[in-house]
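Quick notes on the structure that follows.
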Amino acid sequence: MSLIRCKQLSKSYGGKQVLSEVDFILEAGSPIAVVGPNGAGKTTLFSILSGYIKPSSGTVMIMGEPVGSPKLHGVLSALPQDAQLDPDSSILSQLRLFAELQGIKGKAAKNEAMRVLELVDLTKAAKAKPKSLSHGMSKRVSIAQALIGSPKLVLLDEPTAGLDPANARRIRQIVDELSEHTTFVISSHNLDELEKLCDQVIYLEEGKLKQSLSIQSAKEIDYLTLVMKKVDMASVHQALLGLTNITKVTQSTEHQFIIEYPTQVNFSLEQQLFNLLAQNQWQYKSLLKGRTLEDTLFSS
Ligand SMILES: Nc1ncnc2c1ncn2[C@@H]1O[C@H](COP(=O)(O)OP(=O)(O)OP(=O)(O)O)[C@@H](O)[C@H]1O
């Protein structure tokens, strides 16, 4: 059974269409990225998946159940983009309340609150009030809240927005550690971050599904991403095209080439490439096997 199945999903506010006939099927497993420019409809999609708002037309099934079904209670949770905590009540008491709302009673509710706080490394802050926490700590508390009851599906809308690199990294680690039992769907503008975490990507633009791809999927074409130091890029481009087994070479930025080749080609291509660079004394900055998510999404 699929994790999420969206069929012909559309949403309009007044006369403005913000999601337009979006179709996709997602399976449980590694984290899933939802990307797209500002206003593309990511938060609207999350709100529909969470049941906060209804679509204008189309259907969403989560684990075979329609959104809003009581069977999804405790199975799906969401961290909204603008999640807020009560500033004056302790974190522990708020999380305990959320656990109770999920039907966890008495001491078990407190234990559950402490369990999720431990997952986000915040047991020491259990008695603190949200107003005394940093932005990064508050975000981790909100993630802890989303983890109450060990849901199977967790929607995280921009979980690392505005966080410093150390806090953002900690959140990525938490997602990674819990991904064995929980599928995370994450929206973010940080493609590097999503690339590290996610296997599947949904790309929205102006409310339409532009791409749905699996980063790790087997494919017939493979890529090398070559970033050069200060060299004559036109000469390098010409020379790269002369290597055997190359399908295409694209200069994607001022110093970067994407080299396409058939998947079955073995290391001989890298050997040829290194020989070519050495013979011409062309210095390179990095050679990456594959393409970045950014290049995958935006190169034609
Ligand atoms: N309640 C609402 N009423 C009217 N228009 C809305 C409402 N909520 C969202 N929109 C509009 O819907 C469009 C999609 O917004 P949404 O927040 O889903 O995009 P997003 O991809 O999450 O953007 P961002 O990356 O900036 O968070 C935007 O044009 C926004 O102005």
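Counting starts at 1 for both ligands and their atoms, following the listed order.
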Under 6.0 Å from the CZ atom of Arg5, do we count more than 12 heavy atoms belonging to anything else shown?
no
Assess whether atom CD of Glu118 is packed by more than 12 heavy atoms of other residues, nucleotides or ligands within 6.0 Å.
no
So which of Gln173, Arg170, Arg140 actually passes side chain to side chain donor-acceptor pair (under 3.5 Å) with Asp121?
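Testing each of Gln173, Arg170, Arg140 against Asp121, the sole residue satisfying side chain to side chain donor-acceptor pair (under 3.5 Å) is Arg170.
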Quick one: does Gly39 get an N or O within less than 3.5 Å of an N or O on ligand 1?
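In this structure, Gly39 places an N or O atom under 3.5 Å from an N or O of ligand 1.
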Where is the nearest protein heavy atom to [atom]: which residue, which atom, and how far?
| atom | value |
| --- | --- |
| atom 18 (O) of ligand 1 | Thr44 OG1, 2.6 Å |
| atom 11 (C) of ligand 1 | Val18 CG1, 3.7 Å |
| atom 17 (O) of ligand 1 | Thr43 CB, 3.6 Å |
| atom 19 (O) of ligand 1 | Gly41 N, 3.2 Å |
| atom 25 (O) of ligand 1 | Lys42 NZ, 2.8 Å |
| atom 1 (N) of ligand 1 | Tyr13 CE2, 3.5 Å |
| atom 27 (O) of ligand 1 | Gln81 NE2, 3.3 Å |
| atom 26 (O) of ligand 1 | Asn38 ND2, 2.9 Å |

Before giving the answer on side chain to side chain contact (heavy atoms under 4.5 Å, CB included), spell out for Glu27 and Leu3 the whole-Å C-alpha distance, their side-chain angles and the decisive distance to 0.1 Å.
CA-CA 5 Å; Glu27 305 298 339; Leu3 179 74; 5.6 Å; no
Find all atoms of ligand 1 within a distance of less than 4.0 Å from any non-hydrogen atom belonging to Glu158, and give their numbers and elements.
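With Glu158 as reference, the close atoms of ligand 1 come out as 25 (O), 27 (O).
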At less than 4.0 angstrom from any non-hydrogen atom of Ala40, what atoms of ligand 1 do you find?
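Ligand 1 atoms under the 4.0 Å threshold to Ala40: 19 (O), 20 (P), 21 (O).
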Just verifying a value: how many Å separate Leu26 CG and Ser2 OG, rounded to the nearest 0.5 Å?
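Answer rounded to 0.5 Å: 8.5 Å.
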Calculate, to the nearest 0.5 Å, the distance between atoms OG and OH belonging to Ser212 and Tyr203 respectively.
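One finds 13.5 Å between OG of Ser212 and OH of Tyr203.
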Go through the steps to decide whether Phe24 and Leu45 satisfy the test side chain to side chain contact (heavy atoms under 4.5 Å, CB included), and finish with yes or no.
CA-CA 12 Å; Phe24 62 80; Leu45 176 63; 4.1 Å; yes
Under the side chain to side chain contact (heavy atoms under 4.5 Å, CB included) test against Lys285, which residue among His255, Lys229, Lys230 passes?
Lys229
Pick from Glu205, His189, Lys16, Gln17: the one approaching atom 28 (C) of ligand 1 most closely through a non-hydrogen atom:
Lys16
Min heavy-atom dist Gly36 to ligand 1 below 4.0 Å:
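No, Gly36 has no heavy atoms under 4.0 Å from ligand 1.
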Counting only heavy atoms, which portion of Pro37 has something under 4.0 Å from ligand 1: side chain, backbone, both, or neither?
backbone
Under 4.0 Å between a Lys/Arg side-chain N and an Asp/Glu carboxylate O for Lys289 and Glu270?
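Yes.
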